[in-house]
Structures are given as C-alpha cells and as structure tokens.
There are 2 protein chains.
Amino acid sequence: MLSGMDTKMYTVKQLADLAGVTPRTLRHYDQIGLLKPAKVSPNGYRHYDEQDVLRLQQILFFRELGFELDKIKAALQQPGFDLLSALQVHRLRLQERQLHTQRLIRTVDATIMHLIGEVLMSEKKLFEGFSEEKQQAHEAQAIENWGDGARETIKLWNSYSREKQAEIMAEGGRIYQEIANHIDTEPASSQVQANLAQWHQHLRNFYEPTFDMLRGLGDMYNEHPDFNATFTAIHPGLPAFLQQAINHYVDTLETEWLQRELGILKE
Amino acid sequence: MLSGMDTKMYTVKQLADLAGVTPRTLRHYDQIGLLKPAKVSPNGYRHYDEQDVLRLQQILFFRELGFELDKIKAALQQPGFDLLSALQVHRLRLQERQLHTQRLIRTVDATIMHLIGEVLMSEKKLFEGFSEEKQQAHEAQAIENWGDGARETIKLWNSYSREKQAEIMAEGGRIYQEIANHIDTEPASSQVQANLAQWHQHLRNFYEPTFDMLRGLGDMYNEHPDFNATFTAIHPGLPAFLQQAINHYVDTLETEWLQRELGILKE
DNA sequence: CATACGCTATGACGTAGCGTCAATGTCAAG
DNA sequence: CTTGACATTGACGCTACGTCATAGCGTATG
C-alpha cells in the first residue's frame with residue numbers, strides 16, 4: 001500500500017490548457033460521462049491522471065473529424081464498436097456535404113449574377129435619357145436596394161462612355177438573338193460556342209465570373225421564371241438550348257484551363 | 001369600401017403544404033417576425049395572402065443558400081441591406097467550408113488506413129506461428145476491437161495462403177528499406193517513385209486506397225508519433241522524405257488520371 | 001490573521017431552427 | 001350533437017458548449 005503515487009495529476013485548468021480546451025468543456029464531458037476524472041477530492045475538485053489525458057486526446061481527435069460526442073463515447077467505451085464502418089459512413093457523410101456545398105456555391109454565384117443583372121436593368125431604365133442629377137439619384141437608390149456591394153459594379157459601369165454603354169446594352173440582346181438564330185444546330189456547334197465566347201466577354205464588362213457563375217447563369221436562364229420568360233420571348237426553345245450550350249462552353253473552358261494547369265505542373 | 005376581396009387567403013396548413021414546410025415553421029417565422037400573416041382572425045387563426053406567399057418563397061430561397069434567419073430578415077426588410085456583399089461573404093464562407101471538409105475527408109481516410117494497419121499488425125503477431133484455433137480467437141478479438149468493418153480486411157487477408165502472407169509482410173518492410181537506401185536522391189527520383197508504385201500495389205493487398213487515402217498516409221507517416229517513430233528507426237530522415245515522395249507520387253498519379261479522363265471527355 | 005486573488009464548484013440560461021408533445025379551442029360535415 | 005381535422009398557445013428537447021451568477025477553497029501577502 002506504500003507504492004509510490006508519483007503519477008502526475010492535473011486540475012481542470014491544467015488539463016484544459018494542456019489540451020487546448022476550456023474547463024467548461026471538461027465539466028461537460030464529465031456530465032455526459034464522456035471523460036470522468038480519475039479522482040474527485042472530498043472538496044469536489046476534479047483530478048485527472050495520465051490515462052485521462054490520453055483519453056481526452058482521443059476524444060479531441062474524433063471531435064476534429066466531426067464525430068458527435070455520443071458516437072465518440074460509444075466508440076471509446078464499447079470494445080465491439082465498429083469503428084471502421086463508422087469511419088466509412090462518416091466519410092460518406094462528409095462527401096455528401098462536399099457535394100451539397102458545391103451546389104450551394106453555384107446557386108450563390110448564380111444569384112450574384114442575377115442581382116448584377118437587376119442592378120444593370122435599373123441602370124438601363126435610368127440610362128434612357130435623363131439628367132446627371134437624376135442619374136446620381138438613381139444610383140443612390142440602386143445602392144439603397146442592393147447595398148454597397150453594387151457600388152463597384154455601378155462604378156465600373158459609369159466609367160464607360162455613353163456610347164460604350166449603349167453599345168454594351170445593345171450587344172446583350174444581339175448575342176442572344178444570334179444564338180436563337182442558330183438554335184437548329186447543336187448547342188456544341190462552333191457557331192453557338194463562338195457566340196458564347198462573346199457572351200462571356202460581354203459579362204466581363206460588369207463582373208469577372210467564375211466557372212461556377214457561368215454554369216449557374218445557364219441553370220438560371222432555364223429554371224428561373226423571370227429569365228426563362230425573357231428568353232422564351234426570343235425563341236421558345238432558347239432557355240433549354242442556352243443551358244446546354246453554356247454547360248458545354250464552360251466544360252470546354254475548364255478542360256482547357258485544367259490542361260494548361262497540368263502542363264505547368266509537369267515541368 | 002366595397003372593393004372586391006377576391007385575393008386568395010391561405011391557412012397555415014395550406015401555405016405550409018404549398019411551400020413544403022410545416023405549420024410549426026410558419027408559427028416560428030411569425031414569432032421571430034420574419035413572416036407575419038396578412039391578417040389574424042378574432043379567433044387567433046392566421047391568414048396569409050399572395051404577398052406573404054411570395055415573401056415566404058424568398059425566405060426559403062435564402063434559407064436554401066444557407067443564410068441564417070435573422071440575416072434573411074434583415075435582407076428582406078431593410079432596403080439598404082447590402083445583399084450583394086452578403087452573398088459574396090457567404091460565398092467565401094461556403095468555400096472555406098469546402099476546404100475544411102476536404103481536410104476532414106483526408107484525415108478520415110488516413111485514419112481508416114491507420115486502423116487497417118493496426119488490424120494487420122495484430123494479425124502479424126498472431127501470424128508468428130500459432131494454431132488455427134488461436135488464429136480464430138485472435139480474429140474474433142480484432143473484430144471486438146475494430147468492429148465488423150475490419151472483418152472484410154481480415155477475410156481478404158485470410159484468403160491468402162500462408163506463403164503469400166509471409167511474402168506480403170516481408171515486402172512491406174523491404175519497400176521501406178529500399179526507399180531509405182535511396183534517401184540521398186530526390187523524392188521525385190524514378191527509383192523512389194518506382195518503389196512507391198510497389199508500395200501502392202502492396203497496399204492493395206488489404207484495401208483499395210483513394211488518392212486522398214494515399215496522401216493521408218503520407219501525412220500520417222510523418223506527423224503521427226507512432227508511425228514517425230517506426231520510420232525514423234529505419235532512417236532518421238525517412239518520415240519527411242516519405243511524405244514528400246508520396247505526395248509527388250499521388251500528384252503524378254492524379255495528373256495522369258485526370259488527363260485520361262479529359263481525353264475521354266474530348267472525344 | 002485578515003485579506004486579496006486565483007481557482008474550484010454547481011446551477012441555470014442562451015444559442016438556431018425548428019420537432020414534438022400537451023392541453024385546449026374552432027369549424028364544417030354527418 | 002358528435003366526430004375529426006385543423007387551429008391556438010406554451011413548453012421542453014436537441015448539440016456542444018459559452019457565459020454569467022453565486023459561493024466555497026487554497027495560498028501568498030501585508
């Protein structure tokens with residue numbers, strides 16, 4: 001019974017600092033039975049030993065992986081816990097989350113482009129012959145509606161001369177009309193793809209779009225009622241056609257970009 | 001005052017069904033002031049009009065994008081809300097989440113490989129000359145420790161003949177030794193890369209690893225104390241060298257795979 | 001020795017966005 | 001009048017703690 005008690009013990013704060021968590025976390029783990037201190041003094045103080053430290057490290061490891069505390073508890077206390085399967089299932093969940101987030105990003109991108117479109121639409125109305133004052137008032141209102149985030153776009157737009165503005169607005173409609181004229185060809189036809197290259201350049205007058213933004217635009221042209229109506233007015237089959245053609249265009253663009261990247265990597 | 005009140009009104013359930021949410025959600029949105037019904041009957045019943053329907057659709061759209069309800073509230077009620085900036089910020093958050101999840105997947109992959117390694121380690125000990133009974137007992141214990149998920153790996157392992165098992169185990173050490181012998185060359189040297197191709201094949205005896213799993217193994221060999229110690233014992237510089245070499249190996253592999261994929265796409 | 005300071009303890013509420021009872025009232029149909 | 005579907009308002013539950021509030025304990029200092 002006189003065996004040396006030279007094992008180090010830690011108070012809550014010591015262990016907390018050691019592991020990079022707060023004392024509250026340790027109390028919580030105690031409460032839910034995830035990590036009980038090796039010993040509790042008569043005064044109620046918790047004391048953790050080396051084994052507890054190891055267990056805490058394991059807990060924190062699984063926590064980092066995104067496991068819920070009760071899963072961790074199960075994994076650490078039941079020896080028959082199917083850890084490998086749990087990890088594989090977890091991996092699948094993470095992958096799904098990846099895909100979900102990917103879709104969200106696309107939708108956000110499309111929404112950004114949509115808003116910019118609306119800002120410019122209101123600008124377009126304004127632009128139909130008004131005084132400088134009115135223009136500034138309108139700009140103020142656009143910022144009211146869309147926030148400072150729109151200011152950059154508006155600024156860029158206002159940096160163009162009146163002639164260039166007119167030219168750009170006209171070009172928008174022209175491109176879509178042009179594509180509609182070739183709607184009996186394949187969406188991947190060189191004619192249509194050339195038009196889309198122009199469309200891409202056209203968009204850059206307002207905003208530098210990412211690949212996902214372009215794809216998002218294609219989806220939105222087809223699926224969003226407002227846009228769909230606009231393009232259907234030009235030609236009934238245009239929305240679906242546009243979506244396919246844009247997807248092809250962006251795929252090609254991305255493939256080329258990838259190959260350039262790979263080429264650089266290989267050197 | 002006799003103007004026709006022909007606007008359609010919806011009860012909670014009707015609107016809920018229409019929008020694909022539960023009545024509870026609508027009550028919640030009412031509580032937090034996000035969507036107040038156009039009218040409340042004397043009996044306390046909520047009645048929504050067409051405008052409410054539109055507003056709800058906007059709410060649900062932003063909710064899908066992952067916005068918090070109070071942000072949505074702000075965006076919909078304050079005209080000066082900087083929607084465009086909010087979307088851009090949100091996009092950044094989503095991208096960060098993408099990266100984070102990507103790292104998690106890698107770590108999970110590495111952990112899976114780690115576990116399989118441990119299962120086989122225990123198998124290896126067993127394998128040092130014991131009876132069939134003991135082997136089966138040991139297998140049972142491995143399943144106790146690692147769960148049914150390990151059974152597949154063990155099964156696969158047991159499907160090999162004793163001679164092949166011995167050969168495989170020996171090969172593991174041999175490959176690492178071989179790599180250590182070339183540690184004075186570049187990690188990208190053809191010698192080392194050839195060894196890693198063997199290593200890759202070797203791993204396939206147990207499990208078909210993904211690219212991320214291989215990379216994760218490389219990280220773990222270097223960063224995880226157990227593995228690091230094992231490889232340091234072979235050669236002090238081996239862990240870091242291995243990690244670099246493995247990264248190069250997987251990069252090359254992935255590049256080649258991508259190019260094949262792109263080649264197929266281009267046809 | 002009183003005091004101050006730092007650490008400890010135990011509640012208990014707050015978070016986000018509803019799900020899920022529970023108890024009760026209302027309305028149209030049979 | 002009864003039944004059943006729908007309405008209402010609480011109120012607790014969930015995740016993993018953060019953040020008080022209140023009070024006891026331990027040690028160094030004046």
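Naming convention: chains lettered A, B, ... in sequence-line order (proteins, then strands); numbering from 1 in each chain.
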Toward the 5' end of DNA chain C, by each residue's nearest nucleotide, B:Ile32 or A:Thr11: A:Thr11

Nearest-Å distance for atom pair CG/C1', residues B:Leu69 and C:dT15: 13 Å

Spacing of A:Ile59 atom CD1 relative to D:dC17 atom C1', expressed in whole Å: 14 Å

Side-chain (A:His90) to main-chain (A:Leu65) donor-acceptor, under 3.5 angstrom: yes

Under 3.5 Å side-chain donor-acceptor pair for A:Glu223 and A:Asn228: no

A:Asp17 CG - C:dG6 C1' separation (whole Å): 13 Å

Which atom of A:Met9 lies closest to which atom of A:Ala38, heavy atoms considered: CE-CB, 4.5 Å

Integer-rounded Å distance: C:dT26 P and B:His47 NE2: 13 Å

d(CG, B:Leu26; C1', D:dC6) in whole Å: 14 Å

Sugar-phosphate, base or nothing in reach of A:Arg27, heavy atoms under 4.0 Å: base

Ring geometry between B:Phe231 and B:Tyr221 (parallel below 30°, tilted from 30 to 60°, perpendicular above 60°): tilted

Most 5' of B:Phe67 and B:Asn43 on DNA chain C, judged by nearest nucleotide: B:Phe67

Any B:Arg24 side-chain N or O less than 4.0 Å from OP1/OP2 of C:dG17: no

Nearest-nucleotide comparison on DNA chain D, the residue closer to the 5′ end among A:Thr22 and B:Gln31: B:Gln31

Touch class at under 4.0 angstrom, heavy-atom based, for A:Arg46 against every strand present: sugar-phosphate

Between C:dG11 (P) and A:His28 (NE2): distance, integer Å: 16 Å

Heavy-atom donor-acceptor pair, A:Tyr45 side-chain to D:dG24 base, under 3.5 Å: yes

Value rounded to 0.5 Å, distance of OG1 in A:Thr22 from CZ in A:Arg27: 9.5 Å

Length of the line joining A:Leu65:CG and D:dA16:P, which is rounded to integer Å: 14 Å

Phosphate OP1/OP2 of C:dC18 contacted by B:Tyr29 side-chain N/O (<4.0 Å): yes

Euclidean distance, atom CD of residue A:Gln14 to atom P of C:dT8 [Å, nearest integer]: 7 Å

